[in-house]
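Have a look at the structure below, then the notes.
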Amino acid sequence: MAVYRVNKNRGYTVMANFHLRDKNLSLEAVGLLSRRLSFNVGWKVSTRGLSAICKEGPDAILSALKELAKYGYLVRHRQRDDKGRMGSMAIEI
């Protein structure tokens, strides 16, 4: 019988099981958070950007993001420009 060894230094994401086992979260929210955690730190996220790499549309993405915010998995920060006007939304996961 052959033994196959897999080098797990690339192409793998290590994450805690906490959000995976949280009964408050829908599968959509768990999947979106898991997908987001698989990207590098500092990766810019937008609802349209996420919908481009997922099957779900922007409305479903926004719904899952709201759910994650409700249960404390992400924090939103409204950014302002140099004149104090509201700008883009920064999401911290």
Side-chain angles (χ1 to χ4, degrees):
M1 176 185 272
V3 175
Y4 295 98
R5 303 219 184 265
V6 178
N7 185 0
K8 295 182 180 178
N9 294 332
R10 289 187 157 164
Y12 286 86
T13 300
V14 177
M15 64 183 79
N17 289 325
F18 186 76
H19 75 283
L20 298 171
R21 296 181 181 158
D22 188 342
K23 292 181 180 180
N24 294 315
L25 296 179
S26 66
L27 285 175
E28 188 175 81
V30 169
L32 181 63
L33 181 55
S34 299
R35 169 78 52 107
R36 174 56 188 95
L37 291 172
S38 73
F39 291 105
N40 294 335
V41 174
W43 184 73
K44 302 293 182 190
V45 63
S46 70
T47 54
R48 287 189 182 190
L50 285 169
S51 67
I53 61 171
C54 298
K55 184 178 177 181
E56 289 73 18
D59 291 339
I61 299 292
L62 184 59
S63 174
L65 289 173
K66 286 180 181 178
E67 183 179 344
L68 290 169
K70 177 180 176 181
Y71 292 108
Y73 287 93
L74 66 87
V75 178
R76 296 175 181 193
H77 301 284
R78 178 63 82 176
Q79 297 178 335
R80 296 182 181 267
D81 64 9
D82 54 346
K83 294 182 181 180
R85 295 179 296 203
M86 296 297 232
S88 62
M89 179 79 70
I91 297 175
E92 209 176 301
I93 295 181

Drop me the distance from Leu50's CG to Arg36's CZ, to the nearest 0.5 angstrom.
8.0 Å
Starting from Phe18, can I reach Met15 by hopping between I/L/V/M/F/W/Y residues whose side chains sit under 4.5 Å apart?
yes
Using side chain to side chain donor-acceptor pair (under 3.5 Å) as the criterion, list what pairs up with Asn24, not counting sequence neighbours.
Asp22
Sorted by chain and residue number, the side chain to side chain contact (heavy atoms under 4.5 Å, CB included) partners of Asp82 (sequence neighbours excluded) come out as none
Taking ring pair (Phe, Tyr, Trp, His ring centres under 6.0 Å) as the test, write out the residues that go with Tyr71, two or more places apart.
none
Which distance, rounded to the nearest 0.5 Å, do you find between the NE2 of His19 and the CG of Leu33?
4.5 Å
Going by the rule side chain to side chain contact (heavy atoms under 4.5 Å, CB included), which residues pair with Leu27 if we only count those two or more places apart in sequence or in a different chain?
none
Quick one: side chain to side chain contact (heavy atoms under 4.5 Å, CB included) partners of Lys83, sequence neighbours excluded?
Asp81, Arg85
Hey, what do you get for CG (Leu32) to SG (Cys54), rounding to the nearest 0.5 Å?
6.0 Å
What's the shortest heavy-atom distance between Ile53 and Arg35, and which atoms?
O-NH1, 2.8 Å
Not counting sequence neighbours, which residues clear side chain to side chain donor-acceptor pair (under 3.5 Å) with Ser51? List them please.
none
Check residues 56-68 and write down every donor-acceptor pair under 3.5 Å in which the side-chain atom is one partner and the other belongs to a residue at least two apart or another chain.
from	atom 1	to	atom 2	distance (Å)
Glu67	OE1	Ser26	OG	2.9
Glu67	OE2	Ser26	N	2.6
Glu67	OE2	Ser26	OG	3.4

